[in-house]
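Letters A, B, ... are given to chains in the order of the sequence lines, protein chains preceding strands, and every chain is numbered from 1. Just the heavy atoms: all of them, side chains too, but no hydrogens, waters or symmetry mates, feed the values below. Worth saying up front: this structure is predicted, and the values here are computed from it rather than measured.
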Protein chains: 2
Amino acid sequence: MYHQEPKVQLNDLAVLRTSSLTGVIERELEHLILTGELKPGERLNEIQLSTRFGTSRGPLREATRSLQARGLVESIRNRGVFVRSVSPTEALEIYDVRAAIFGLAGRLLADLVTDQMLARLNDYLDQMDNVAASKNFDDYYPINLAFHDYLVTATGNGTLVKEYKAFVNKLHLARARGLVQAGGLSVSNREHREMVDALASGNRERAQEAFFRHVERSKIRFRSTLDADGLQS
Amino acid sequence: MYHQEPKVQLNDLAVLRTSSLTGVIERELEHLILTGELKPGERLNEIQLSTRFGTSRGPLREATRSLQARGLVESIRNRGVFVRSVSPTEALEIYDVRAAIFGLAGRLLADLVTDQMLARLNDYLDQMDNVAASKNFDDYYPINLAFHDYLVTATGNGTLVKEYKAFVNKLHLARARGLVQAGGLSVSNREHREMVDALASGNRERAQEAFFRHVERSKIRFRSTLDADGLQS
DNA sequence: CCATTGTTTATTGCCTACAATAGCAATCGT
DNA sequence: ACGATTGCTATTGTAGGCAATAAACAATGG
């Protein structure tokens, strides 16, 4: 009975005023998927998960439908819903679309760039240089992520932000997930500087191209490691 | 009881073997929304719609969750789900993202283009010229749509296709829907020829830019009519 | 007359129960 | 022995019912 205290610990009742149980479950499932606790190909058992969340199957089913529409999960009738497994081919497709969207970010930013923004970007670059020098790669990713997040958000185009993040998430479901990260490891900060320089120039097309190429190079690195490991499709 | 013959007329039971009731409802709702039978801002009454489809509220709720994730509908807790109304501002955002994706299509096609493809594209161009000459504008849209659909599909990038169509659909929910179409009416076929010529040249960047600009010009036309009509936000 | 506070009603949120299906194992016939 | 068939079990698909909320209206007090 849902009028009792739900068993969930972190969600105050206040939260449920605005966001429905379904929404909470959806975010929770998304988290489980993206952290890898639920692995690609794994089935989401309705009863098991709903009891885990302390709810009935209804909200859980609604949550999985939403995840399905967002491409994180796929459903086979009468068999269940499974965490999606993104094939290398699809990963390559996603890289291209992501490049296009990120390129748009560059194009838009070229018209919006301010000294303050450039200062902040250069700060990110310095931080990444420092961390790279100290070979502390675990510290590199958070900054790298923040750098890209800032760029995308600063466009002021919410649709763009949403799309970009959706694709980044989807790449986490790539069968060769390790390769995605491994490829990123070798990114030299020079690519990032090229992007910031392009922004500073205020040249739309140049910025778009620099941003686009940055993602395309990630794609190429991904494909290389893919070939090296002899993975197909 | 769902083991009886459902009241839905067009869907054979065979269809339900593969796609769930939820999926059928979702497609049906999507149709109602895109044809305008359900207008932006309108509430989707669960009881009314579920009885209309001859099902219970469960599958209907799952269908609307999916539509919500896809951005066609928005849900307010304890108040219901409403057909989304896309603000002019968001429409402009969408135009940009769509331009980026369409630009990618151009870039990819530049590497894939064949004589056969060019012939087909030129055929489309001729058809549109003819129709435009005869001022039969109702005939113009289907060809225009097919032209763009073909371009996007020919990239072979399914992710791109899906995204592109999603955004086209969303633009149908723009508050100033009429303006979207009105703006398109004045598209001269010259823009289309520029795109095809760029493809023929095999120059990636040029093709990307031509495709990108085509959508951007639609955006500008949309904004002009917007300003003329004194619409805000 | 207006604001505030019950009260009613339509509708959503969630849950439980039952029907149907898929996968598997045991059984049966050949 | 072996394939097809038939139950069995776990799990999903759907239905319908009760609780809770919000919006509209009525009643009350200032």
*Partners passing salt bridge (Lys or Arg N to Asp or Glu O under 4.0 Å) against B/Glu26 (at least two apart in sequence or in another chain)*: B/Arg70
*Send over the distance from A/Asn78 CG to C/dA22 C1', rounded to a whole Å.*
7 Å
*For the side chain of A/Ser56, starting at C-beta, report the closest nucleotide among D/dT14, C/dG23, C/dT16.*
C/dT16
*Tell me: CZ of A/Arg61 to C1' of D/dA15, nearest whole Å?*
12 Å
*Whole angstrom value for the distance that separates C1' of C/dC14 from CD1 of A/Ile25*: 10 Å
*Mind checking salt bridge (Lys or Arg N to Asp or Glu O under 4.0 Å) for B/Asp139 and listing every partner two or more places apart, or none if nothing turns up?*
none
_Interatomic distance, B/Arg77 CZ vs D/dT21 C1' [rounded to whole Å]_ = 8 Å
*For A/Thr22 and C/dC14, is the shortest distance between a side-chain N/O and OP1 or OP2 below 4.0 Å?*
yes
*Within residues 64-71 of chain A, find the residues that approach DNA chain D with a heavy atom at under 4.0 Å, and present them sorted by residue number.*
none
*Please state how far atom CZ in A/Arg79 lies from atom C1' in C/dG23, giving the value in whole angstrom units.*
9 Å
_Partners meeting salt bridge (Lys or Arg N to Asp or Glu O under 4.0 Å) with B/Lys165 (sequence neighbours left out)_ = B/Asp149
*asked:* Could you tell me if the side chain of B/Leu109 sits less than 4.5 Å from the side chain of B/Met117, heavy atoms only?
replied: yes
*asked:* What is the separation between atom CD on B/Glu62 and atom P on C/dG13, rounded to the nearest whole Å?
replied: 14 Å
*Please state how far atom CZ in B/Arg57 lies from atom P in C/dT12, giving the value in whole angstrom units.*
7 Å
*Looking at residues 40-49 of chain A, who's got a heavy atom less than 4.0 Å off DNA chain D?*
A/Arg43, A/Leu44, A/Asn45, A/Glu46, A/Ile47
*Partners passing side chain to side chain contact (heavy atoms under 4.5 Å, CB included) against B/Gln68 (at least two apart in sequence or in another chain)*: B/Arg65, B/Val73, B/Ser75
*Round to a whole Å and report the spacing from CG of A/Leu60 to P of C/dC14.*
12 Å
*Sequence neighbours left out, what passes salt bridge (Lys or Arg N to Asp or Glu O under 4.0 Å) with A/Arg57? Give chain and number order.*
A/Glu46
*asked:* Just to be sure I understand the rule, does A/Gly80 reach a base, reach only the sugar-phosphate, or reach nothing, if contact means heavy atoms closer than 4.0 Å?
replied: sugar-phosphate
_Heavy-atom donor-acceptor pair, A/Glu42 side chain to A/Lys39 backbone, under 3.5 Å_ = yes
*What pairs with B/Arg43 under side chain to side chain donor-acceptor pair (under 3.5 Å), at least two apart in sequence or on another chain?*
none
*In chain order, what residues pass the ring-ring contact (aromatic ring centres under 6.0 Å, His included) check against B/Tyr164, with sequence neighbours excluded?*
B/Phe102
